[in-house]
Structures are given as structure tokens and as C-alpha cells.
Undergrad: 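Let me give you the structure first, and then I'll get to my questions.
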Number of protein chains: 2
Amino acid sequence: MAASKTKPAAEEPNRRADIVRAAGRLFHEKGYSATTIRDIAHAVGMGSGSPFYHFKTKHDMLRAVVLEGIGAIHQAVAKAANSGKAPRATFEAMLRAHLDQLLGEQGRDFAAALLHESRHLDPAEQAELVALKDRYEVMWQKALRDLKGAGLIADDSHVARLFLLGALNWTVQWYRPEGPRTVEQIARQLASFVIGKPQRP
Amino acid sequence: MAASKTKPAAEEPNRRADIVRAAGRLFHEKGYSATTIRDIAHAVGMGSGSPFYHFKTKHDMLRAVVLEGIGAIHQAVAKAANSGKAPRATFEAMLRAHLDQLLGEQGRDFAAALLHESRHLDPAEQAELVALKDRYEVMWQKALRDLKGAGLIADDSHVARLFLLGALNWTVQWYRPEGPRTVEQIARQLASFVIGKPQRP
DNA sequence: GCTTGTCAAGCAAGCGCTTGCTTGGTAGCA
DNA sequence: TGCTACCAAGCAAGCGCTTGCTTGACAAGC
């Protein structure tokens, strides 16, 4: 991705990536419309017009943020899905991967922007995004099918997947890093909530 | 709620309520920051400065919308919660009431604004809102406790409630009125998803 | 060794437009 | 006459974005 020049030095400062990170954080905190170019520029220590050297429009920054978000989640969950473990272990690993992106320090701003700000994209871009989301959700559908095949859940329908992803994505609204629960614990509890059986009285 | 004057006539035109409705719809569609006073004024057929006769600031309009949202949900679910039916029937009625507000024509804009735009309130107002939400969620905690008491679920913990409300609130993201599922059906399926037992193969 | 040219990256200033909100006035009703 | 509800016009501030110019790094030419 950063290999257009023959200068891939160890730790070159990538200002474009800095802008995407800052934009992601600000879009998450204040929302796309309430974030100004000046906010973003200030956050990376630039003058107010300089970000436009790297991006044509503010809109393009949102696109970069959102694509970064779904890309990272997809990659993380795909890795967990293909780990070759038993259905329940695979499922839990997928939950953990998704939650890591959603709540962890690296991914949360991109993920939150993906979930809440992508409506500001124009229709064509939204359609593109829907396609990416569909590809992503196929992995969950398979995971639920495998759980049902193993007799661990009763319902692997379309709606069941929507409920599951709802419970997952809603964690953004209430999870606090300084709170009592770790991401690991939440993943396990959600697995138990869905599967229901292996749980102490 | 609309009884400050001694003029509760059958169908008096209440322009203030019109503004709140229009603001709710626009906040839902475009977000608070991206909605302009001119948008709202135009939607109710006013000049661009006239809404300020009814509201001091745009901010106050958001407050009115959000309070309308949580008030309506609370009222609807409280009625279902106190219906005196058996735990499972009560639970399903509560789900239906919550979803009606979230997805039905009357409440959805207020509910969506409540869920997605309340971050634009200032800290004091947000604290006030958190208190209202807590009062609301107590009803769900009790419903889950009753379900567990009746042996219908294994887990009535704090997190279980968060997962449940997540699955519920996330419906806003995927439900389409013209889609294949009615609110009634979704409520029943979510009940089955949580309780898990009474379900055909 | 010094000049010259090129290029990426950014700055300071500001343009045209939109924003939330204010103001002075007024039509309609009691 | 006075009050309610509104309009037309406009203000100051802030917005996304453009522009002309500067800076530092690097290479070529002599």
C-alpha cells in the first residue's frame, strides 16, 4: 500500500496516514459534519489548507476512514474464521476479533466512523460499502451454520445474525476501556449468551 | 404534555410540535450538525428566522427531540411491563413496544435522534439523559430477572441486558418498513433468540 | 565546490458561501 | 390597543477549498 516509491524506509513519516488517523478520531468524537478541516489540520500540526495536498476533499477523507475501518475488521475476523478450530472456539475467536477492532485502541475510531458516519457518503459509495459488508457478513452466516450443525444453537437464520451483530456493534455505546470488563470477557459472555448452554447456574 | 394553556381544543395547530417533528425527522435523516435551521423552517413552511420564536436555539430543538424520544419509549414499554401477564408474555410485549417506538412511523425519528444525536448535547444534559436511560433500563433488568425466575433464561446479568438492548436498538440499522418482516415478527423472533426454547426445528 | 533546476510538502491569506441567530416591522385576531 | 406568530433582511462568524509562494532535500551540470 505504501510502496509506490523505492523508498520504503523503516519508519518514514506518512502524513497521509496521520491525517486519516486524526480524521477517524475526530469523526468518531464529534461526527463528520461537526468536524472541520481546521480541526483535522490542527490535530496533525498543519495549516488549515495543507490537508488538501493529500486529499481532494473532506469527503475523500471520510471515504478513506470508512474503508480503513471495514478492511481492518474484515481481515481480523477472516483470520479467526479460518483458524480451523472447532465451531464454538472459532465463533469465540471471531467475536474477540470483531470486538478488538471495535473497542481496541487501533481500530475503534475507524470502526465507529464506519458504523455511524458512512451515511454521509453518497449513494454510489454506500452501495459499494454495502457490498463489502455483505461479503463480511457471509463469514458470520457460515459460523452460525456451523454452530447449528454442531447442535449448539437452534436458530441460524438471517435475523439471528442481525441480532448477533447488533449486540456486538452496540458494545461501542457502552464499553469503556477503564470499565470492569475486558474485551476477552465480553466475547466469552456474548458466546454464552448466544449458545446458552455451558454456563454455571 | 400539551396542556399549559386552557386551550386544549380538539385539533389546534401546534406549530411548536410541528417544528419538533420536522427537526426529529431531519436529525434522523441527515444528522444534527448537517441539518440547518433553514431546513427545519422550510419543512414546516416558515421563514428561516421564525423557528426562533418557538425555540431559543437549535440546540434546544435537539433537546426537545431527544426528550420526546425517551419519553415515548419509556411510556410505551412501562405500559407493557405493567400489564400483569406472565413473564414471557410481558417480555414479548415489552420488545414489541420498544420496537414500535424505534421502527414505527410515529416514534422512529425521535428514537433514532435519541440514539445517534444525543452526543451533541452538552455534558450536563447528557448526564440528565443518562439518568433517564437508567430509569428506563431498570424495567428491562426486572423483566430479565422474572424470566430467570421462571427458568426461561440462564443469564440475567448486567451484560445480558446490554446485549439484548444492543440487538434491539441495532434494528434501526437494518429494518425497512417495506421489508419482509413485521415489527411483530421481529419481536417474537428476538424473544425466541433470547429464550431459545419454544421453537420449531 | 558551487550553482541551478526540480520536486514533494506545506504555509498564509483569503474567496465565496453558509451558518446560527437577531432585528424591525407587521398582519390578524381579541 | 395589545398580543401572538410570523416574515424579510441581514449580521458576524465560520465553513470548505483555492491560490501563490516558500522551504528543504536531492541530483545534474560545470
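By convention in this document, chain letters (A, B, ...) are assigned in the order of the sequence lines, proteins followed by strands, and residues within each chain are numbered from 1. Side chains are part of it too, since the values below use all heavy atoms of this structure and drop only hydrogens, waters and symmetry mates.
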Undergrad: What is the distance from CG of A/D18 to C1' of C/dA8, rounded to the nearest Å?
TA: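 From A/D18 CG to C/dA8 C1': 16 Å.
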Undergrad: Where the side chain of B/I37 is concerned, which of D/dC15, C/dG20, D/dG10 is the nearest nucleotide?
TA: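 The answer is C/dG20.
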Undergrad: Over how many whole Å does the gap from B/D39 atom CG to C/dT19 atom P extend?
TA: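 Interatomic distance, CG of B/D39 to P of C/dT19: 7 Å.
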Undergrad: Should the pair B/H98 and B/W140 be assigned to parallel (<30°), tilted (30 to 60°) or perpendicular (>60°) ring geometry?
TA: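 It falls in the perpendicular class, over 60°.
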Undergrad: Under the side-chain hydrogen bond (donor to acceptor under 3.5 Å, both in side chains) test, which residues partner A/S33, sequence neighbours left out?
TA: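 With sequence neighbours excluded, A/S33 shows a side-chain hydrogen bond (donor to acceptor under 3.5 Å, both in side chains) to no residue whatsoever.
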Undergrad: Measure up the A/Y32 and A/F27 rings against each other and bin them: parallel (under 30°), tilted (30 to 60°), perpendicular (over 60°).
TA: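 Correct class here is perpendicular.
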Undergrad: Can a side chain N or O of B/R15 be found less than 4.0 Å away from OP1 or OP2 on D/dC6?
TA: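 Yes, because at least one side-chain N or O of B/R15 sits under 4.0 Å from OP1 or OP2 of D/dC6.
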Undergrad: For the side chain of A/M46, starting at C-beta, report the closest nucleotide among C/dC11, D/dG10, D/dC7.
TA: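 Nucleotide nearest to A/M46's side chain: C/dC11.
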Undergrad: Check the distance between D/dC6's P and B/H42's NE2 and give it to me in whole angstrom.
TA: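 In whole Å, D/dC6 P lies 16 Å from B/H42 NE2.
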Undergrad: Looking at every strand, decide which applies to B/S33 at a 4.0 Å heavy-atom threshold: base, sugar-phosphate, or nothing.
TA: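 It contacts nothing in the nucleic acid.
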Undergrad: Quick one: list whatever passes salt bridge (Lys or Arg N to Asp or Glu O under 4.0 Å) with B/K85, sequence neighbours left out.
TA: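 Counting only residues at least two positions away or on another chain, B/K85 forms no salt bridge (Lys or Arg N to Asp or Glu O under 4.0 Å).
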Undergrad: With B/E137, which residues qualify under side-chain hydrogen bond (donor to acceptor under 3.5 Å, both in side chains), at least two apart?
TA: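 For B/E137 the side-chain hydrogen bond (donor to acceptor under 3.5 Å, both in side chains) partners, ignoring immediate neighbours, are B/R161.
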Undergrad: Could you check how far CZ of A/R16 sits from C1' of C/dA8, rounded to whole Å?
TA: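 After rounding, the gap between these two atoms is 15 Å.
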Undergrad: Give the rounded distance in Å between these two atoms: NZ of B/K30 and C1' of C/dT19.
TA: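 Result: 13 Å.
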Undergrad: Short of 4.0 Å, heavy atom to strand atom, which residues of residues 49-58 of chain B count as contacting DNA chain C?
TA: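 Contacts with DNA chain C under 4.0 Å: B/G49, B/F52, B/T57, B/K58.
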Undergrad: Could you work out, with salt bridge (Lys or Arg N to Asp or Glu O under 4.0 Å) as the rule, every residue matching B/R108, not counting sequence neighbours?
TA: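 Salt bridge (Lys or Arg N to Asp or Glu O under 4.0 Å) check on B/R108 returns nothing, list empty.
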Undergrad: Check the distance between C/dG10's P and A/N14's CG and give it to me in whole angstrom.
TA: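 Rounded to the whole Å, the gap is 10 Å.
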Undergrad: Can you name the ring pair (Phe, Tyr, Trp, His ring centres under 6.0 Å) partners of B/H54, sequence neighbours left out?
TA: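 Once residues adjacent in sequence are excluded, B/H54 has no partner under the ring pair (Phe, Tyr, Trp, His ring centres under 6.0 Å) criterion.
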Undergrad: Consider the side chain of A/T36, meaning its heavy atoms from C-beta on, and name the nucleotide among C/dC21, D/dC15, C/dT19 that approaches it most closely.
TA: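 Between C/dC21, D/dC15, C/dT19, the one nearest the side chain of A/T36 would be D/dC15.
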Undergrad: D/dC17 P sits how many Å from A/L62 CG, rounded?
TA: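 Between P of D/dC17 and CG of A/L62: 12 Å.
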Undergrad: Please give, in whole Å, the distance from C/dG20 P to B/M61 CE?
TA: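 My rounded result for the distance is 9 Å.
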Undergrad: Is there a donor and acceptor pair closer than 3.5 Å between the side chain of A/R38 and the base of D/dG16?
TA: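 Indeed there is one.
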